[in-house]
**Student:** 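Shown below is the structure under consideration.
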There are 4 protein chains.
Amino acid sequence: MREAAKESKREKIMEAAIQVFSKKGYHQTRMEEIAVAAGIGKGTIYEYFDSKLQLVQHIMETSLLMYYEAMGDEERSRLSFEDRIRIMIMGHFRFCQQNKALTRILFWDTEIIDEELKDWSYQIRREKEEKMRSIVEEAMQKGEIRQADPYLVTQIFLGVMGSMLVPVILEDQEFDVAQVAQEITDLLMYGLK
Amino acid sequence: MREAAKESKREKIMEAAIQVFSKKGYHQTRMEEIAVAAGIGKGTIYEYFDSKLQLVQHIMETSLLMYYEAMGDEERSRLSFEDRIRIMIMGHFRFCQQNKALTRILFWDTEIIDEELKDWSYQIRREKEEKMRSIVEEAMQKGEIRQADPYLVTQIFLGVMGSMLVPVILEDQEFDVAQVAQEITDLLMYGLK
Amino acid sequence: MREAAKESKREKIMEAAIQVFSKKGYHQTRMEEIAVAAGIGKGTIYEYFDSKLQLVQHIMETSLLMYYEAMGDEERSRLSFEDRIRIMIMGHFRFCQQNKALTRILFWDTEIIDEELKDWSYQIRREKEEKMRSIVEEAMQKGEIRQADPYLVTQIFLGVMGSMLVPVILEDQEFDVAQVAQEITDLLMYGLK
Amino acid sequence: MREAAKESKREKIMEAAIQVFSKKGYHQTRMEEIAVAAGIGKGTIYEYFDSKLQLVQHIMETSLLMYYEAMGDEERSRLSFEDRIRIMIMGHFRFCQQNKALTRILFWDTEIIDEELKDWSYQIRREKEEKMRSIVEEAMQKGEIRQADPYLVTQIFLGVMGSMLVPVILEDQEFDVAQVAQEITDLLMYGLK
DNA sequence: TATGAATGAGCATTCATTCAT
DNA sequence: GATGAATGAATGCTCATTCAT
């Protein structure tokens with residue numbers, strides 16, 4: 001089989017797996033369901049992935065890379081803090097809206113699948129947190145935002161980003177990503193009063 | 001056996017189950033582990049609960065009642081919006097800090113256990129959301145806070161409350177509940193600028 | 001406890017067990033059901049019987065004695081063959097009609113409970129067969145009935161006796177024992193022609 | 001796998017199950033024993049049958065069809081009553097002799113497995129009875145046999161057919177089916193005198 | 001390479017029996 | 001004696017994984 005075709009079947013399996021995992025959760029999903037969804041035989045999955053665990057790991061790792069790319073804050077240090085977080089929030093929402101099934105797997109049904117995967121997932125979370133915190137701290141130093149506990153502010157940002165998953169995931173709402181990002185940034189920057 | 005002793009054993013099983021479910025997740029937990037953790041025989045669990053599913057359901061229902069009690073917003077409509085949400089946030093944090101394992105089960109590892117339980121869980125979430133939204137809308141009408149999309153504001157509040165689970169759950173940090181609630185309320189009310 | 005009272009509780013358990021075993025079969029019956037039916041505690045059964053198996057064994061042995069007594073062919077060798085088998089068939093029917101639950105356990109739901117019990121049950125059956133055959137052979141020698149394979153005739157007699165269990169057990173019919181015994185004897189003696 | 005091979009494995013499982021059920025009874029039989037007897041893995045049984053209950057149900061239904069075929073009384077209404085029942089008795093014996101394990105399951109160890117199966121089994125019994133009765137009544141009308149209670153006569157026929165199971169099942173005797181059927185018919189028609 | 005029939009480790013649950021009260 | 005709460009051996013069934021075709 002040509003490399004391309006091989007790759008395409010691997011992708012097909014991953015896409016099928018994402019749909020089924022997202023709908024039923026890892027433990028409730030049987031390998032056969034994935035095979036059926038992918039339109040292939042059960043055994044074939046094992047030609048491309050070592051195990052169910054490795055399949056979900058691979059999905060999570062790959063999608064996390066995609067997510068970071070969508071969120072990417074590279075080359076934006078010259079922007080104002082307000083713009084940076086607006087863009088970041090927007091990137092987050094855009095990714096979530098475009099990859100609902102994936103979002104559910106990555107950020108919502110944080111089911112404990114495996115000790116190692118749990119640790120990896122925590123590690124990722126911490127890294128994201130660190131990065132966000134350094135942005136916050138930088139903005140405080142520059143005087144762009146007022147002094148406050150940077151850890152707290154970081155958690156709030158992450159929490160707010162998480163908050164908007166609900167309408168996307170549970171209620172399947174579509175919304176204007178740019179506008180919502182703008183409104184949220186406003187609220188965070190200028191408060192409710 | 002006296003009623004009290006019977007009740008206490010039921011509680012013992014629930015506490016053991018909470019610990020194990022919280023540590024390993026529902027599907028990774030074997031009934032025997034719960035029995036061992038409770039210091040009883042495997043069969044004894046079935047004297048008090050019909051099945052593994054019913055056990056986790058009962059834990060979730062009971063703890064949700066506790067949570068709502070801790071959060072209780074009754075008789076507070078005469079307070080200012082700022083005070084109300086501060087108290088609410090504080091109640092949330094206090095509950096989470098005092099019931100870490102439970103918090104993980106209720107709000108963190110939202111693993112798909114059962115279709116019915118999933119629906120119930122969504123229902124609960126929606127009710128909480130409704131209530132919060134009505135508080136937000138009331139405050140807007142009274143002019144306590146500025147006009148904004150009430151749905152968005154509600155999601156932000158819920159997100160912020162969710163955000164602080166991370167340090168509690170994942171990093172096992174202790175913090176001063178009242179002070180953190182105050183700081184968060186400040187940030188939400190007056191913004192970062 | 002007085003001997004009499006002790007005996008009466010033992011009987012009570014046996015009667016309860018007979019009812020439940022008869023209705024649900026040995027394997028489908030739980031010790032608790034018997035206890036409930038007897039109006040006593042589950043543990044109490046074990047004060048009177050060593051085990052579920054021993055309980056059913058005891059029931060079967062006791063009732064078989066009763067059955068043989070009802071069937072008893074002692075002191076009847078001076079009667080004609082026709083009278084003997086009529087009386088025997090009548091005894092069989094009378095016992096079955098008066099002890100329906102027991103009949104079901106003894107002769108109908110011949111479920112394999114235990115290897116030993118199975119062997120015992122076969123042994124009993126063979127003894128009954130032997131006795132019947134000797135009666136048949138005697139009647140042939142005396143010229144009371146015509147020459148035929150005595151084994152075959154014996155099986156027919158036993159079969160006919162078994163046949164009438166159906167209306168008793170399955171259809172709960174009541175019938176005039178003496179009359180039916182007479183009719184059957186006639187049919188066997190003089191044939192259908 | 002070819003259809004034929006698949007069917008043959010299904011048969012292999014059924015045959016193994018018949019042997020084990022027949023030897024140990026339904027409740028005493030573990031699925032693993034059947035698997036071992038069939039020379040396959042435990043899980044394989046579930047590829048062909050949904051459950052232990054469904055397996056035994058399928059065996060009973062299939063074998064009953066076989067039995068009725070062996071007994072078949074079609075196109076025999078022009079024969080004399082005597083011939084009809086002789087042929088019927090012969091068919092019954094032939095089936096039992098050729099399918100001993102099956103016979104034990106169908107007609108001997110009438111253990112209560114399941115409420116539904118019990119009802120089904122009674123239903124079958126009643127149908128057989130009805131058919132036999134109509135044959136008896138017809139013969140009485142035609143004057144082939146003397147007047148008697150047709151229900152009683154029917155039960156006797158069925159009882160006699162059941163009676164000969166004993167030597168087959170319990171004593172593993174072989175006998176000349178045609179000859180025994182002839183003798184039994186003689187006895188029933190002309191009596192013992 | 002692709003398949004799906006075969007497998008058996010693993011687990012929830014039942015229930016006869018025990019034994020502290 | 002009487003009890004019923006506690007127990008754990010026993011077993012039906014599932015499903016990830018293997019491997020012959």
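Every value quoted in this text rests on a predicted model; they were computed, and no experiment measured them. Chain naming here is simple, since letters A, B, ... match the order of the sequence lines and numbering starts at 1 in each.
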**Student:** Can you measure A:Ile40 atom CD1 to E:dT1 atom C1' for me and round it to whole angstrom units?
**Tutor:**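 Rounded to the whole Å, the gap is 12 Å.
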
**Student:** Working to the nearest 0.5 Å, report the span between CH2 of A:Trp108 and OG1 of A:Thr103.
**Tutor:**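 Reported to 0.5 Å precision, the distance equals 11.5 Å.
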
**Student:** To the nearest Å, how far apart are D:Ile45 CD1 and F:dT11 C1'?
**Tutor:**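 To the nearest whole Å, that distance equals 13 Å.
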
**Student:** A cation-pi test, strictly: NZ or CZ of C:Arg10 under 6.0 Å from the centre of the six-membered ring of C:Phe49 and no more than 45 degrees from its axis. Yes or no?
**Tutor:**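 Flagged: C:Arg10 positioned over aromatic ring of C:Phe49.
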
**Student:** Does the side chain of B:Tyr48 get closer than 4.0 angstrom to OP1 or OP2 of F:dA6 through an N or O atom?
**Tutor:**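 True: B:Tyr48 side-chain N/O within range (under 4.0 Å) of F:dA6 OP1/OP2.
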
**Student:** For the pair made of CD in D:Gln54 and C1' in F:dG12, what is the distance, rounded to whole Å?
**Tutor:**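 Distance, rounded to whole Å: 14 Å.
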
**Student:** Start with the C-alpha gap between C:Lys118 and C:Thr110, add the side-chain angles, then the distance that decides, and say whether side chain to side chain contact (heavy atoms under 4.5 Å, CB included) holds.
**Tutor:** CA-CA 9 Å; C:Lys118 188 173 142 187; C:Thr110 55; over 6 Å; no

**Student:** Looking only at atom types and distance, does a side-chain atom of B:Gln19 sit under 3.5 Å from a main-chain N or O of B:Ala101, one as donor and one as acceptor?
**Tutor:**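 Not a single qualifying donor-acceptor pair exists.
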
**Student:** How many Å lie between NZ on B:Lys9 and C1' on F:dA5, as a whole number?
**Tutor:**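 These atoms are roughly 7 Å apart.
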
**Student:** If the sugar-phosphate is the primed atoms plus P, OP1 and OP2 and the base is the rest, what is the B/S/- string for nucleotides 15-21 of chain E, using protein heavy atoms under 4.0 Å?
**Tutor:** SSBB---

**Student:** Rounded to whole Å, how long is the line connecting atom CZ of B:Phe49 with atom C1' of E:dA12?
**Tutor:**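 Atom CZ in B:Phe49 sits about 16 Å away from atom C1' in E:dA12.
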
**Student:** Using modelled atom types only, decide if a donor and an acceptor are shared between the side chain of D:Asn99 and the backbone of D:Leu102 within a distance under 3.5 Å.
**Tutor:**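 The answer is no, because no donor-acceptor pair under 3.5 Å joins these two groups.
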
**Student:** What's the verdict on side chain to side chain contact (heavy atoms under 4.5 Å, CB included) for C:Tyr26 and C:Leu53, showing C-alpha distance, side-chain angles and the deciding distance?
**Tutor:** CA-CA 9 Å; C:Tyr26 178 79; C:Leu53 181 58; 3.8 Å; yes

**Student:** Looking at D:Lys24 and D:Glu33, does any basic side-chain N land under 4.0 Å from a carboxylate oxygen?
**Tutor:**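 Yes.
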
**Student:** What is the distance, rounded to the nearest whole Å, between atom CD1 of D:Ile13 and atom P of F:dC13?
**Tutor:**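 From D:Ile13 CD1 to F:dC13 P: 14 Å.
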
**Student:** Hey, are C:Glu15 and C:Lys12 close enough for a salt bridge, meaning a charged N less than 4.0 Å from a carboxylate O?
**Tutor:**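 No, this pair does not count.
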
**Student:** Write out the stems for DNA chain E, ordered by first number and formatted as range with range, counting runs of at least 3 consecutive Watson-Crick or G-U wobble pairs under 3.5 Å.
**Tutor:**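 When the pairs of DNA chain E are grouped into runs of at least three, the stems are E:2-21 with F:2-21.
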
